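Following: one structure in structure tokens, then a few remarks.
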Number of protein chains: 2
Amino acid sequence: MATQIQRSNQTQQQLLAATERLLAEQGYAAVSEARICELANLTRGALRHHYPNGRYDLLPVLVERLIARQSELIAAAQPQNPLERIYLMLFGLLDAPIQSDTVAILEVWMAARGDAKLGERINPIMNSAIERLFGMTSATPADPDALALRCLLHGACMHCYSVDYDRNALVAAIQWVLEKLPPPAGFVERLQMEQAA
Amino acid sequence: MATQIQRSNQTQQQLLAATERLLAEQGYAAVSEARICELANLTRGALRHHYPNGRYDLLPVLVERLIARQSELIAAAQPQNPLERIYLMLFGLLDAPIQSDTVAILEVWMAARGDAKLGERINPIMNSAIERLFGMTSATPADPDALALRCLLHGACMHCYSVDYDRNALVAAIQWVLEKLPPPAGFVERLQMEQAA
DNA sequence: ATATAAACAAACCTTCATGTCTTTTATATT
DNA sequence: AATATAAAAGACATGAAGGTTTGTTTATAT
């Protein structure tokens, strides 16, 4: 009954969602076409139809979408420099300490080291992500504060898989940082004004 | 000419070193017995002789050793609480921004999510690592500052694989943190005194 | 209404990693 | 020196994963 385009979009969406879940919950090494299809209730025929080269076609699309989604969320708050962007993401971590999309990106990024073919296709996207997410261009070197908080952000995202993970403890840790290293003056106020508008 | 014990120790050492290198440079997904042996100039016969269950025997030993090594380095400075321990590790990051041993541990830790058999053997060690490395016991919840800096430490360790990694930039970022969030009063002085003694 | 092409399913083959076993070589023991 | 045992190499079997092909269903076009 559904149009072909709708069908296509839906199965692609299911495949991407299943892959994201696998990446976030089980890690890259646990990602196989069979498992993706099992989770998506599809067959490898469907996967290979939409992504002829398997993960090498699927993962770039997935990562691209995850970055696009994140990037739009950030852009909505109209940050004016890299530092403000990082603070936005840290705020996001307070609401949802388990950031499965960020974890998925990190997993693919780390896995691409050991797979040249994957690196070829992922690294350009990762490169663009630096600018689209963090607003850092290769021309202007990163400020120490922005880079430090970026490291903190990534470490915090991974922490939810630690054996001693405690949601409240992690939130308290981020809050402690936000208190000791507060965002640029007036930033929070501007956010609230934009929210109201 | 060498005694059997020496031979055994040496090959085990070679296998462990090769595995650590693979983990740090290529990531967990790139670790296979064949590659380990190739890198170690040995055959799978040797690997299976010393580690009958392959990675399930090898990785726990490797992780255990890496943690022991780190833990001894830290203990040598006689830290008196978790926070001092984290600062020690951050100092270490200043000298050597690429911490292959920490990366190897993180890789195994993240991979263990997707492999129950590996998790069984690794998680107890990871659990002990929280205490041995960070001095955090499950009884006493982590202080926000110690946990925050622990996240920063891990994020910084991963950062060296980013497409925009720049050694000097990372060092500057850590130094910025150390300036804004200085270690407990008198800690650095105490370290210098111990060094002199 | 029929032809065409897309979407999906299902089977096949190949490759690679692991598990297991046997054989050779080096060290230890008597 | 002869024998026993450990260390390492090598070969074989099994199973999982990816690559490929063919077949079937479903939507679109004429």
Side-chain angles (χ1 to χ4, degrees), chain A residues 1-19 22-23 26-62 107-108 111-112 114-122, chain B residues 1-19 22-23 26-62 107-108 111-112 114-118 120-121:
Chain A
M1 278 300 126
T3 165
Q4 272 189 343
I5 297 175
Q6 288 173 326
R7 267 215 309 173
S8 273
N9 285 344
Q10 198 195 344
T11 59
Q12 288 180 20
Q13 204 53 44
Q14 285 173 341
L15 290 169
L16 292 168
T19 308
L22 267 177
L23 276 173
Q26 313 249 9
Y28 180 85
V31 172
S32 72
E33 297 186 5
R35 284 206 211 196
I36 294 172
C37 295
E38 192 188 6
L39 218 79
N41 271 316
L42 290 164
T43 62
R44 286 191 59 229
L47 190 153
R48 283 277 167 172
H49 174 70
H50 293 284
Y51 306 101
N53 294 83
R55 71 181 66 207
Y56 299 109
D57 288 336
L58 209 164
L59 290 177
V61 173
L62 174 63
E107 281 284 342
V108 177
D115 186 337
K117 201 168 158 191
L118 183 59
E120 265 176 41
R121 308 191 179 206
I122 284 291
Chain B
M1 277 305 123
T3 159
Q4 272 190 340
I5 296 176
Q6 288 173 327
R7 268 217 306 174
S8 274
N9 285 345
Q10 198 195 345
T11 61
Q12 288 179 19
Q13 204 54 44
Q14 285 172 341
L15 290 169
L16 292 168
T19 308
L22 267 177
L23 276 174
Q26 313 247 47
Y28 180 85
V31 172
S32 72
E33 297 184 5
R35 286 207 210 195
I36 293 171
C37 295
E38 192 189 6
L39 216 80
N41 272 315
L42 290 164
T43 62
R44 287 192 57 232
L47 190 152
R48 284 277 165 171
H49 175 70
H50 292 284
Y51 306 101
N53 291 58
R55 72 181 66 207
Y56 300 109
D57 287 337
L58 209 165
L59 290 177
V61 172
L62 174 63
E107 281 286 341
V108 177
D115 186 336
K117 199 167 157 189
L118 183 59
E120 265 176 40
R121 308 193 178 205

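Chain identifiers are assigned alphabetically (A, B, ...) following the order of the sequence lines, protein sequences preceding nucleic acid strands; residue numbering begins at 1 within each chain. It should be emphasised that the depicted structure is a prediction, and the values quoted were computed from it without experimental measurement.
Residue B/Thr3 has a polar side-chain atom (N or O) positioned under 4.0 Å from OP1 or OP2 of C/dA28. In this structure, B/Ser8 does not reach the D/dA6 phosphate: none of its side-chain N or O atoms is under 4.0 Å from OP1 or OP2. Phosphate contact (OP1/OP2 of C/dA6, side-chain N/O of A/His50, threshold under 4.0 Å): absent. Distances shown here put every side-chain N or O of A/His49 at or beyond 4.0 Å from the OP1 or OP2 atom of C/dA9.
Nearest nucleotide to the B/Arg55 side chain, out of D/dT28, D/dA8, C/dT18: C/dT18. Listed nucleotides D/dA27, D/dA8, C/dA17 differ in distance to B/Ala34; the shortest reach to its side chain belongs to C/dA17. Looking at the side chain of A/Ser32, the nearest of the listed nucleotides C/dA26, C/dT18, D/dA17 is D/dA17.
Distance, A/Gln14 CD to C/dC8 C1': 12 Å, rounded to whole Å. Distance OH (B/Tyr28) to P (C/dA17): 13 Å, rounded to an integer number of Å. If you take CZ of A/Arg7 and P of C/dA6, they are 13 Å apart, rounded to a whole angstrom. Between B/Gln4 atom CD and C/dT25 atom C1' there is a gap of 11 Å when expressed in whole angstrom units. Here the C1' atom of nucleotide D/dG19 and the OH atom of A/Tyr56 are 12 Å apart, to the nearest Å. Residue B/Leu47 contributes atom CG, which lies 13 Å from atom P of C/dA17 at whole-angstrom precision. Put simply, CG on A/Leu59 is 14 Å from C1' on D/dG18, counting in whole angstrom units. Distance, B/Arg35 CZ to C/dT18 C1': 15 Å, rounded to whole Å.
With rounding to the nearest 0.5 Å, the separation of CD1 in A/Ile5 from CZ in A/Arg7 is 12.0 Å. The line from CG of A/Leu23 to CZ of A/Arg55 is 9.0 Å long, rounded to the nearest 0.5 Å. The distance from the CG atom of B/Leu58 to the NE2 atom of B/His50 is 10.5 Å, given to the nearest 0.5 Å.
Between the side chain of B/Glu107 and the backbone N or O of B/Tyr28 there is at least one donor-acceptor pair closer than 3.5 Å.
Two residues, B/Ile5 and B/Asn53, neighbour DNA chain C, and the one matched to the more 5' nucleotide by heavy-atom proximity is B/Asn53.
D/dT30: Watson-Crick or G-U partner is C/dA1, with both key distances under 3.5 Å.
When side chains are defined from C-beta on, B/Leu47 does not count as touching B/Leu42, because their heavy atoms never get closer than 4.5 Å. Contact annotation: the side chain of B/Arg121 approaches that of B/Asn53 to within less than 4.5 Å [non-hydrogen atoms, C-beta and beyond]. Counting only heavy atoms from C-beta outward, the side chains of A/Val108 and A/Leu62 never approach each other to under 4.5 Å.
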Revision key, fill the gap. Whether each nucleotide of nucleotides 9-16 of chain D has a protein heavy atom under 4.0 Å at its base (B), only at its sugar-phosphate (S) or at neither (-) is summarised, 5' to 3', as BB------
